[in-house]
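Written out below as structure tokens is the structure these notes cover.
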Amino acid sequence: MDFTLSPDILQMRETVQTFIREQVEPHATEIEEQDEVPFAILEKSRQLGLFGLSIPEQYGGLGLSMVDKCAVFEELGKTINGYTTIIGAHNGIGSVGLVEFGTPEQKLRYLPKMAAGEWMGAFALTEPEAGSNAAAMTTRAVRHGSRYILDGQKIYITNAPYAHVFTVMAVTDPSRGPKGITSFIVERDFPGLRVGRIEKKMGLHGSHTAPIYFEAMEVPANNVLGQEGQGYVNALKILANGRAGLAARSLGSSQYLLDKSLEYSLQRQQFGRPIFEQQILQHYLADMATDIETLRWMTYRVAWMADQGMPVIKEAAMLKLYGSEVYNRVADKAVQIHGGMGYIADYPIERFYRDARITRIYEGTSEIQKNIIAAQIKKDFLKSR
Amino acid sequence: MKILVTVKQVPDTATKIQIRADGQGIQEDGIKWVINPYDEFAIEEALRIKEKQGGEVVIVALGPSRVEEAVRQSLAMGADRAVVISTDAAVDPAAAATALAAVCGEEGFDLILTGKQAVDDDSAQVGPMIAANLGLPQVTVVLKLEVDEAGHRLRAERELEGATEIVELPYPAVVTAQRGLNEPRYPTLPNIMKAKKKEVRRVSMDSLSLALDPRVTVNRLFAPPERPEPTILSGEPEETAKELVRLLHSEAKVL
């Protein structure tokens with residue numbers, strides 16, 4: 001197994017590192033306090049090419065492999081998580097559906113503008129009564145000739161306030177349960193689409209999440225993504241694809257926290273010597289580093305498997321679960337190591353600690369990941385007998 | 001307009017430099033190498049001229065195989081192609097200028113841009129020597145550059161101590177860039193991908209058959225002496241002020 005990254009991706013990672021240091025990090029306090037990423041930063045991120053990571057080259061994107069994409073996401077994980085979420089949601093669940101299941105006409109219409117960051121993507125699955133049990137959704141789509149009429153509501157939609165292209169799941173045939181769900185490509189200016197109030201969140205400041213409402217919204221039949229009735233499976237595949245990227249971001253954030261904790265523990269003096277000299281702190285740091293190293297290998301191994309076309313349903317669920325848990329464990333230790341400094345908002349540790357919490361919830365909770373893993377190992381076991 | 005930019009790869013300015021045991025150079029292991037920052041201004045300026053007036057930007061670099069990294073970075077910024085003069089030998093400024101001038105002459109150009117100096121040896125000789133080798137006019141330490149294609153002339157503002165000098169000259173010419181000329185762009189991610197497909201022509205230094213006997217040889221490199229421990233004066237201000245004057249006069253000998 002060779003996990004050496006190519007010179008191009010190393011160069012990209014370095015470029016992203018410089019960009020973050022010079023253009024994004026100086027705005028950390030402003031983004032956190034205003035809950036808004038300045039437009040100029042998003043514009044510069046577009047120019048850099050950060051919105052086209054997963055879109056194929058023929059549509060103006062970078063067409064990165066999963067390994068390469070994870071390398072970029074790992075780097076992005078080291079900065080303001082809210083900023084990274086805007087880019088991550090667009091490159092992941094916001095555009096993967098079109099890349100994977102779009103017709104050539106759909107791809108031509110949407111992907112070049114999405115790769116340029118001109119049109120941002122969002123993914124709309126969750127509803128007030130349908131969260132982890134996504135199949136319980138009630139948003140209805142009824143066909144009238146060459147168009148569908150959609151009615152219903154979606155909540156917690158990341159990027160909704162600025163997205164132009166939504167991948168929306170709706171029920172076309174209520175009698176068929178999950179097999180009666182269809183996915184649609186919805187444009188922001190389709191009549192009948194309304195974006196609700198931006199939610200106030202515990203963390204991920206700068207990333208905007210809002211409900212969206214469909215009120216007799218008209219969607220051309222050409223905008224069905226994949227086949228009618230395939231929407232639930234599409235949604236699961238889109239979410240599975242995003243898992244490695246999420247883990248890579250957790251990896252970057254955890255590494256950042258470890259680096260900060262090392263720096264602080266070597267410099268902070270108590271009892272006449274750096275607190276690093278306390279064995280308990282060394283053990284904290286060793287645990288953090290070991291967790292992170294394990295996560296790193298898991299991330300690139302699963303990404304590599306995906307690039308080889310191997311099935312990764314179980315592995316991607318394990319990875320998302322493990323990445324989220326590691327990030328939360330590491331963030332907790334980082335606050336402890338930093339003491340009072342870790343609890344005050346002038347220093348980034350407190351922000352990462354709050355940002356970490358959502359990783360165990362969004363794009364499939366840790367509990368749902370365990371359900372997926374259990375179902376898969378049961379299936380594998382029964383098959384092997 | 002065809003613009004050549006000569007680029008040197010130097011240790012990252014944030015790198016801690018260690019001198020080799022033989023005192024003839026620096027330890028290269030573990031060093032991060034970058035494009036000489038002044039050369040980045042030259043690349044950026046070339047790209048801006050090209051964007052405004054069309055043409056081609058070609059990178060010319062010299063050095064061992066690691067130089068390709070700087071070349072790839074230059075191509076990712078937007079240069080069209082590159083020529084690398086490969087050599088593992090230590091090259092003095094005159095030899096570098098001779099080899100670069102030979103390759104530039106063979107390439108053909110309207111303009112040669114480069115940094116005013118490299119931040120490793122700070123010799124600031126290669127740009128002017130290329131001009132001398134090719135019998136070209138030159139303007140150094142440039143802060144602003146305008147190209148008048150119709151009149152085939154350049155108008156350059158250069159930095160002098162406390163003044164700005166405005167120079168006009170015909171081109172082909174050699175121009176060396178000063179910090180402030182522009183703000184170099186980031187290589188965008190799509191351009192990093194595209195750079196892979198750009199042409200890099202390699203010429204071995206030996207194949208140029210040039211007389212490159214070094215005019216300058218390095219005898220010895222050594223680190224500056226460690227700064228002595230500072231003296232901190234304490235006591236009544238009247239006393240310490242007197243003591244400070246005494247020390248500045250008799251110890252530091254600056255008063």
Side-chain angles (χ1 to χ4, degrees), chain A residues 5-25 40-65 67-76 79 87-88 90-91 111-118, chain B residues 7 9-16 30-37 39-41 43-44 47-48 51 59 61 63-79 81-82 84 86 119 179 182-200 202:
Chain A
L5 296 170
S6 71
D8 312 312
I9 202 68
L10 290 175
Q11 201 184 345
M12 280 192 201
R13 213 164 65 166
E14 213 177 297
T15 302
V16 171
Q17 219 173 63
T18 314
F19 178 77
I20 285 171
R21 188 181 57 237
E22 293 177 358
Q23 305 289 341
V24 185
E25 278 294 325
I41 296 184
L42 290 179
E43 192 50 39
K44 283 178 186 159
S45 311
R46 287 187 182 103
Q47 284 162 7
L48 191 67
L50 285 175
F51 284 83
L53 300 179
S54 14
I55 294 171
E57 277 184 278
Q58 63 180 122
Y59 299 106
L62 295 170
L64 294 186
S65 68
V67 167
D68 289 354
K69 200 160 84 169
C70 283
V72 175
F73 276 143
E74 182 184 343
E75 216 47 58
L76 287 170
T79 189
I87 290 164
H90 169 88
N91 280 294
L111 292 183
K113 284 206 168 88
M114 294 178 85
E118 207 178 311
Chain B
V7 167
Q9 189 189 40
V10 298
D12 187 354
T13 43
T15 301
K16 247 199 181 141
I31 280 188
K32 190 173 165 249
W33 297 89
V34 297
I35 301 173
N36 170 38
D39 293 344
E40 276 193 345
F41 300 123
I43 298 168
E44 178 62 36
L47 294 173
R48 290 186 188 189
E51 278 159 8
I59 302 298
S65 58
R66 59 171 159 77
V67 167
E68 303 248 342
E69 217 177 291
V71 167
R72 216 178 17 239
Q73 185 80 358
S74 311
L75 294 174
M77 282 176 75
R81 58 188 178 84
V84 179
S86 36
V119 299
R179 181 180 306 278
N182 52 46
E183 198 189 322
R185 68 195 64 190
Y186 296 99
T188 67
L189 305 185
N191 279 342
I192 291 174
M193 298 291 275
K194 281 184 207 145
K196 278 196 290 200
K197 297 175 191 127
K198 290 179 178 170
E199 180 198 307
V200 179
R202 292 166 188 86

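By convention in this document, chain letters (A, B, ...) are assigned in the order of the sequence lines, proteins followed by strands, and residues within each chain are numbered from 1. Computed from heavy atoms alone, side chains included, the values below leave out hydrogens, waters and symmetry copies.
In the displayed structure, E199(B) atom CD is contacted under 6.0 Å by more than 12 heavy atoms of other residues, nucleotides or ligands.
Just one residue in the list K44(A), Q47(A), E22(A) forms a side chain to side chain contact (heavy atoms under 4.5 Å, CB included) with Y186(B), and that residue is E22(A).
When heavy atoms are compared at a cutoff of 4.5 Å, I9(A) does not approach chain B at all. When heavy atoms are compared at a cutoff of 4.5 Å, Q73(B) approaches chain A by way of both its backbone and its side chain. For a residue to count as touching a neighbouring chain, one of its non-hydrogen atoms must lie under 4.5 Å from one of that chain's; by this rule R185(B) does not touch chain A.
A salt bridge links K197(B) with E57(A): at least one charged nitrogen is closer than 4.0 Å to a carboxylate oxygen.
Here L48(A) contributes atom CG and I192(B) contributes atom CD1; the two are 7.5 Å apart, rounded to the nearest 0.5 Å. Separation of atoms CE (M12(A)) and CG (N191(B)) is listed at 10.0 Å; rounding is to 0.5 Å. In this structure, E14(A) CD and K32(B) NZ are separated by 4.0 Å, a value rounded to the nearest 0.5 Å. To the nearest 0.5 angstrom, D8(A) atom CG is 14.0 Å from K194(B) atom NZ. R72(B) contributes atom CZ, which lies 8.5 Å from atom CG of L10(A) (distance to the nearest 0.5 angstrom).
Pairing each heavy atom of G49(A) with each of P190(B), the nearest pair is CA-CD, 3.9 Å.
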